[in-house]
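The structure appears right after this line, and notes come after that.
All values below come from the heavy atoms of this structure, side chains included, with hydrogens, waters and symmetry mates left out.
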Amino acid sequence: MSDLKDKIKDLLNSADYRKSTMTPSEWAVKNRVLTTDVSPRPGKFSFDYTPYWKEVLDTVSLNHPAHTIGVMKGAQIGASTAFMENAIGYLISEQPGNILFLTGAADLAEEAMEKKVDNMIYQSGLSDLIKPNVVKKKNARTGDTKKGKEFPGGSIIAGAAGNHKLLRQRSVQFGFIDDFENAKNASKESGSTRQMIEQRFAAYGSKKKIYYISTPEVKQTSNIEPVYELGDQRRYHVPCPCCGDYIIIEWSLSIDNVTYGVTYQLNEQGELIENTVGYTCQSCGGFFKEKHKSEMLRNGEWRATATPSEEGFYSYHVSSLYAPPGMYSWTYYVRQYLRANPKDGDVDETQMQTFMNLCLGKTYEEKGKTLKATKLQSNVRDYDIGVIPEKVSRNDGNGQVILLTCGCDLNGKVDDARLDYEITAWTETGSSYSIKHGSIGTFVPRENSKKHIEDREHWSYKMEEPNNVWDEFTNIIESVYETDTGRRMKIAITGVDTGNTYEGNAYYYVESQRHKGNVFALKGKDVNKSRRFGVDTPTFKKSRERGDLYLVEVNQVKDTLASSMEMNWNQKFDQPPGFMNYPIPSGGLYTYKNYFSHFEAEHRIIEKNRNGIGVSAMWVKKNSGVQNHLFDCRVYNIALKDMFSSFILNESKIKNGTWKDVVNLFLGE
C-alpha cells in the first residue's frame, strides 16, 4: 500500500513542474557562477571553455527526445562542472522532479552533494528553493541533508549505484549515475544493477532521463562501454585549421600505412622533442599545433556514428585529447604514452591501461600474461642482503621504510620438510626492497639421483623433533634488522602458509606464537578457480573455520604483483609506487636460478565465454617441474602488508583508509 502511495505521489509531482522556455545551457550561462572551489576559471559560467558539454546538457530538457544517455569519457575534461552540476541546478530551478544521483560509492556521492551540489545551489541563487533540515520521528531527517535535498516539486537523493536496497525504495524521473564503471554490475539478491536502476524510472516512460557517466576501465567487465554501444555513439567533430574538414581528434590512425593523429618526434636518446608535438589531419595530412584547439572546440559539433538500439538512446564519447587549454596538453599525454611504452623496454601494462582509460576514454582489454624474471633482475640496487636500505629508498623518492613483513611457503613432507621465506621492506610510497630470502630444510631437484636424496639430512615440521624447521624460522622472524640510517627494526607481521597436507603442524606453530600477536596462518582462497574480471574484493578475509587463519585472494594479488613486475623506472624521476627493488646477489641468494626464476614459473590464463570475450583469469604453473615458492612468498608479503594496514586503520578508527593513512600515523602527521 505504501509503495502505491509513493508512486501516486511521484506521478503527481511529475505533473507539477514549472514549464520553462529556457534551455538547460541557457540557464547555466545566465545563472551559474563558479568559485575557485570548483573551477580554475571562477566567475560567470561559459561554454567557451568546454563547448562539447553544451549539447549533452541540453538533453536534460523534457523537450529533447533523449531518454537514456550514455557518456563515456576521458578524465578531467569538465563533466562534473559543465554538465552534471548544471543539469541538477536546471532541474531544481526550471523542471523539478525526483532526481537520483548515484556514484560508484556512497561516500563519493555524499561528498559531491556537500562540496559541489551545495556550492552550485548557493552560487546559482537556488538556496531559497531548498527545504530546511527537519528532524522527524526516529531522528529521521528530511529537507536539506548530506544524502538528499527537497525542493518544490521534487527531491534529489544521493547514494551508491550498487545499493540495490536504495534502488528498490525509489521511483524517480531523472537519474545521474556517475562513475558507473565502478558500480557492481549485479547482486545475487537483485540481479543486474542497470536493470534495477532503469526499473525505478518505469512510471515515467519517455519522460524519463537516465544518464550513465563514466571513465571506462577493463573491457571485459565494463559497465559504461555496453551502454555507449547501445546508443547512437556520438563523437565530437571539429574543423581542421588546415583544410576545414570536420574530424575527430584521435590519438593515432593508420590509413594506407600512413600515421595520422597526435604526432611527435624523439631525439637520438629516445627523449621527446617537445616542440614537435602536434596533430596530423587524417583528412588532408596537414600538421597543426594545439594552439588552434580553442577555436576548433568552439566550432565543433556532435555527430552520430551509429544507429541506436532504440529511439531516444543517445550516447557520447569524448577523450581527454579534447581538454581545453589550461588542462593537460597533448604534450603531457605523449609523455604518459612514452612512459608506458619505453623505447628499450616492454610495454608497462599498468601505465598503458591508465593511458587508455584516463586519456583516450577507452576500455583496456585484459590479456593473458607470461612473466619475465629477467626484468626483475635489472632492479638490483646498491645495498647488501640483510640490510634495510633506507638511504637508497630516500634517494629513489620512496621515503622512509615503514614496515617489515615475512612470508613463508611450506614444501616437502612432514618428515622431509623445506620452508622457503622472504623478508620484505615496505616504504612510504608502497615500493618494496627485498631484504633476505632463504630456505630451511633441504631442496632436492628432481634430476638428482636417488642416492643423493637418501644421503641427505631430513628436516621435520614436527615441533618436538630436534631438527624441525620452526626453531630456525623463529630466530629469523625475531631477529633485529638494521637500516643504513642507524634505525633498528623487527618484522612486524609474519604469515605462515597452511594450504598443504601438513597444515596441522603449521597451525600448531602459529598457535605457539599467538602470545606474540604477529604470526598468522595464511591460505590461498579459490586457488583452482578463475577470478572474474571487475570483481572488487579485499586482498584477504578472515576465515570462519579458524580465528587465526586468513584467506588470501591469490589470483587478485598475483595480478597486482604482475603489474609491479612490469613497471619501468626512468631514473630521472622518482620510482613509481609499487616498484620492486633487490639487493646485490651474494652467497647464492638473489640469483636467477635460486630466486628470480620462481617469478616466471606461472602464467595468467584467460577464460572466455561462448562469444569469445574474456570473463575471468587464473594463475597456474607452466608445468609441474618449475619452482614458484618465492613467488608465493611475495604474494603472501603483499597480503601481509594489506593485513597490517587493515589492523592499524581499524585500531585507529579510520574508515576507508589507505596505505598513505598508515604512513601518516607512522610519521605522526
Side-chain angles (χ1 to χ4, degrees), residues 373 376-377 380 384-387 404-425 432-449 452-463 465-479 481 491 494-503 505-506 508-510 513 519 521-524 554 561 580 582-602 621 624-640:
L376 279 185
Q377 283 185 283
V380 169
D384 294 327
I385 294 170
V387 174
L404 292 185
T405 62
C406 180
C408 75
D409 185 52
L410 308 187
N411 302 282
K413 302 176 183 178
V414 172
D415 291 315
D416 189 8
R418 190 186 78 252
L419 182 154
D420 296 292
Y421 69 89
E422 183 174 32
I423 302 167
T424 304
S432 64
Y433 292 82
S434 291
I435 305 304
K436 181 181 179 182
H437 79 83
S439 297
I440 305 170
T442 306
F443 174 70
V444 183
R446 289 191 173 195
E447 62 269 20
N448 282 10
S449 67
H452 177 79
I453 293 173
E454 294 302 322
D455 286 348
R456 65 185 170 79
E457 179 185 11
H458 286 236
W459 289 67
S460 175
Y461 284 122
K462 297 176 182 177
M463 289 186 65
E465 296 292 331
N467 62 333
N468 73 80
V469 297
W470 304 115
D471 289 344
E472 186 170 335
F473 185 59
T474 300
N475 290 334
I476 290 167
I477 64 176
E478 291 185 354
S479 295
Y481 297 85
I491 294 168
T494 296
V496 177
D497 169 34
T498 59
N500 39 55
T501 56
Y502 27 83
E503 64 180 38
N505 301 92
Y508 186 44
Y509 175 73
V510 171
Q513 300 292 309
V519 180
L522 304 178
K523 181 186 290 187
V554 290
L561 175 52
M580 301 167 67
Y582 296 97
I584 299 169
S586 67
L589 300 181
Y590 291 102
T591 64
Y592 175 80
K593 180 179 179 180
N594 291 337
Y595 182 83
F596 291 106
S597 64
H598 289 227
F599 284 76
E600 58 183 23
E602 297 190 16
K621 291 177 70 172
S624 60
V626 296
Q627 304 294 321
N628 65 342
H629 313 309
L630 293 165
F631 182 70
D632 285 343
C633 287
R634 177 52 69 111
V635 168
Y636 286 143
N637 272 306
I638 293 172
L640 289 166

Partners meeting side chain to side chain contact (heavy atoms under 4.5 Å, CB included) with [X] (sequence neighbours left out):
{"X": "Thr474", "value": "Glu478, Tyr509, Gln513, Lys516"}
{"X": "Glu503", "value": "Thr498, Asn500, Tyr507, Lys523"}
{"X": "Ala601", "value": "Val626, Asn628"}

Using modelled atom types only, decide if a donor and an acceptor are shared between the side chain of Asn468 and the backbone of Glu465 within a distance under 3.5 Å. yes
Quick check: does any side chain N or O of Ser460 sit under 3.5 Å from a backbone N or O of Asn467, one acting as donor and the other as acceptor? no
Between [X] and [Y], is any pair of side-chain heavy atoms under 4.5 Å apart?
{"X": "Val635", "Y": "Asp409", "answer": "no"}
{"X": "Leu561", "Y": "Met580", "answer": "yes"}
{"X": "Asp632", "Y": "Asp497", "answer": "no"}
{"X": "His598", "Y": "Cys633", "answer": "no"}
{"X": "Val380", "Y": "Pro585", "answer": "yes"}

May I have the step-by-step check of side chain to side chain contact (heavy atoms under 4.5 Å, CB included) for Ile476 and Ile440, ending in yes or no? CA-CA 10 Å; Ile476 290 167; Ile440 305 170; 3.8 Å; yes
Rounded to the nearest 0.5 Å, what separates atom [atom1] in [X] from atom [atom2] in [Y]?
{"X": "Ser434", "Y": "Leu376", "atom1": "OG", "atom2": "CG", "result": "9.0 Å"}
{"X": "Thr405", "Y": "Ile435", "atom1": "OG1", "atom2": "CD1", "result": "9.5 Å"}
{"X": "Cys406", "Y": "Ile491", "atom1": "SG", "atom2": "CD1", "result": "4.5 Å"}

Decide yes or no on side chain to side chain contact (heavy atoms under 4.5 Å, CB included) for Thr494 and Tyr421, but give the supporting numbers first. CA-CA 10 Å; Thr494 296; Tyr421 69 89; over 6 Å; no
A quick test of your reading: do over 12 heavy atoms of other residues, nucleotides or ligands sit less than 6.0 Å from OH of Tyr508? no
Might you confirm whether atom NZ of Lys413 has over 12 heavy atoms from other residues, nucleotides or ligands at distances under 6.0 Å? no
Audit row: His437, Asp420, side chain to side chain contact (heavy atoms under 4.5 Å, CB included) steps and yes/no: CA-CA 8 Å; His437 79 83; Asp420 296 292; over 6 Å; no
Relative to the ring of Phe473, is the ring of Trp470 parallel (under 30°), tilted (30 to 60°) or perpendicular (over 60°)? perpendicular
Could you tell me how the ring of Tyr582 sits relative to the ring of Tyr590: parallel (under 30°), tilted (30 to 60°) or perpendicular (over 60°)? tilted
One pair to check against side chain to side chain contact (heavy atoms under 4.5 Å, CB included): Asn505 and Met463. What are the steps and the verdict? CA-CA 8 Å; Asn505 301 92; Met463 289 186 65; over 6 Å; no
Out of Thr424, Asp384, Ile385, which residue meets the side chain to side chain contact (heavy atoms under 4.5 Å, CB included) rule with Lys436? Ile385
Out of His629, Glu422, Gln377, Gln627, which one pairs with Tyr595 under the side-chain hydrogen bond (donor to acceptor under 3.5 Å, both in side chains) rule? Glu422
Closest heavy-atom contact between Asn637 and Gly407? OD1-N, 3.2 Å
